[in-house]
Student: 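Can you read through this structure? Questions will come right after.
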Number of protein chains: 2
Amino acid sequence: MNASPTPMPGRPVRGSTTGRSLMAALDLFGRRWTLRIIWELGNEPLGFRLLQRRCDGMSSSVLRQRLTELQEARLAEVLRDGSYTLTPLGHDAREALGPVIEWSLRWAAELADAPPTAAEDAGDSQRNRF
Amino acid sequence: MNASPTPMPGRPVRGSTTGRSLMAALDLFGRRWTLRIIWELGNEPLGFRLLQRRCDGMSSSVLRQRLTELQEARLAEVLRDGSYTLTPLGHDAREALGPVIEWSLRWAAELADAPPTAAEDAGDSQRNRF
DNA sequence: ATGAGTGCTTCGGATTCCGAAGCACTGCCG
DNA sequence: CGGCAGTGCTTCGGAATCCGAAGCACTCAT
């Protein structure tokens, strides 16, 4: 299973040597689908295939990888019936994500009534502005 | 610049068709280095190369990509002197990340005094537990 | 004018992600 | 009992993404 190691506080983070726990968390969360999985698992325990469907049919191989990482990081665990849940620590993480949710609503509102500025859509507009 | 489109509320998200703003946010944040960049820019405006150094020397090509995405998403902008900052919306996002920081501390503490369970380190231990 | 620093691009190779297919297994239901 | 659908999970080839070294055009201090 040739994958990069699960980020953990105390150990050096991918591309870093400091190992500060915040950086480890940012690295862990900054992997595709991780945030989404935590979010979906926070609602209710889910089996593998059902969880996969909730995540817009994400790749099963990556889902397996993410679930392993989350287990190693002690955010998720398997129930006796085989379904996946968040540990108490995992639920904490999800709650910590709450403000992000609220923000995303503001974000959506902001973008709705703000017409794109000339600077943005023409991505190659500014160059060598020294 | 062959890159996947910047996630935006209202538009379908990568691998999804719902376009809910939360999913867009999770997709945006769930790209490597994005959270880290927001974090670093929240402290102070930074020029390209300095920001790169703050992010453990991340790849310049990816940094450029991320910065463009963040600008399109209106989280970041360029100052007159060429350095990058967070927009007010971007600062909101960073503040929304605050609880995640606090959580990462608890996470570190939790992992510190919790010996690894047999289930974890031997990743290939459990198979076909039907 | 020379050297150091900047923002940014290019490009080949490494890593990661993807999705279809398949395996072994457990329920069902007739 | 014999299908048959559903499960968790793996494999594997190809696509997308990431990486880092190198370089370009430019500015500014010396």
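In what follows, chains carry the letters A, B, and so on, assigned in the order in which the sequence lines appear, proteins first and then strands, with residues in each chain numbered from 1.
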Student: OP1 or OP2 of C/dC8 less than 4.0 angstrom from a side-chain nitrogen or oxygen of B/R64, does that happen here?
Tutor: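 For C/dC8, OP1/OP2 do have a side-chain N/O of B/R64 under 4.0 Å.
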Student: Measure the distance from CD on B/E69 to P on D/dT17 and round it to the nearest whole Å.
Tutor: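 That distance rounds to 10 Å.
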Student: Are OP1 or OP2 of D/dT7 and a side-chain N or O of A/Y84 less than 4.0 angstrom apart?
Tutor: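 Checking D/dT7 against A/Y84, no side-chain N or O comes under 4.0 Å of OP1 or OP2.
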Student: What integer distance in Å separates B/L63:CG from C/dG7:C1'?
Tutor: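 Rounding to the nearest Å, CG of B/L63 and C1' of C/dG7 are 10 Å apart.
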Student: Salt bridge check, A/E110 against B/R74: does any charged N sit closer than 4.0 Å to a carboxylate O?
Tutor: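 Answer for the salt bridge query: no.
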Student: CG of B/L67 versus P of C/dT6: gap in Å, rounded?
Tutor: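 Taking atom P of C/dT6 as the reference, CG of B/L67 is at 15 Å.
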Student: Return the value, rounded to whole Å, for the distance between atom CG of B/L79 and atom C1' of C/dT6.
Tutor: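 Between C1' of C/dT6 and CG of B/L79: 16 Å.
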Student: Return the value, rounded to whole Å, for the distance between atom CG of B/D81 and atom P of D/dT27.
Tutor: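 B/D81 atom CG is separated from D/dT27 atom P by 15 Å.
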Student: Side chain of A/F48, heavy atoms from C-beta onward: which of D/dC9, D/dC18, C/dC11 has the nearest atom to it?
Tutor: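 Shortest atom-to-atom distance from the side chain points to D/dC9.
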Student: How many whole angstroms separate atom CD of A/Q52 from atom C1' of D/dG8?
Tutor: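 It is 10 Å, rounded to the nearest whole Å.
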Student: Using whole Å, what does the distance between atom P of nucleotide C/dC18 and atom CZ of A/R31 come to?
Tutor: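 Answer to the nearest Å: 14 Å.
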Student: Below 4.5 Å, heavy atoms only, C-beta onward: do B/L63 and B/C55 meet side chain to side chain?
Tutor: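 The answer is no, as the side chains (C-beta and beyond) never meet within the 4.5 Å cut-off.
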Student: Please tell me if B/R53 has a side-chain N or O lying less than 4.0 Å from either OP1 or OP2 of C/dT6.
Tutor: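 Answer is yes, contact under 4.0 Å.
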Student: How many angstroms lie between atom CG of A/L75 and atom OG1 of A/T85, to the nearest 0.5 angstrom?
Tutor: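 It comes to 12.0 Å.
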Student: Test for a donor-acceptor pair under 3.5 Å between the base of C/dG7 and the side chain of B/S60, counting only N and O atoms.
Tutor: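 Answer no: no donor N or O sits under 3.5 Å from an acceptor.
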Student: Under the side chain to side chain donor-acceptor pair (under 3.5 Å) test, which residues partner B/T87, sequence neighbours left out?
Tutor: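 Checked B/T87 against side chain to side chain donor-acceptor pair (under 3.5 Å); zero matches.
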Student: Would you indicate, yes or no, if D/dT17 has its OP1 or OP2 atom less than 4.0 angstrom from a side-chain nitrogen or oxygen of B/Q65?
Tutor: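 Negative; the distance criterion is not met.
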Student: Roughly how many Å is it from CZ in A/R49 to P in D/dT10, rounded to a whole number?
Tutor: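 A/R49 atom CZ is separated from D/dT10 atom P by 13 Å.
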Student: Could you list all the ring pair (Phe, Tyr, Trp, His ring centres under 6.0 Å) pairs where at least one residue sits in residues 41-91 of chain A, not counting sequence neighbours?
Tutor: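 The answer is none; no pair qualifies.
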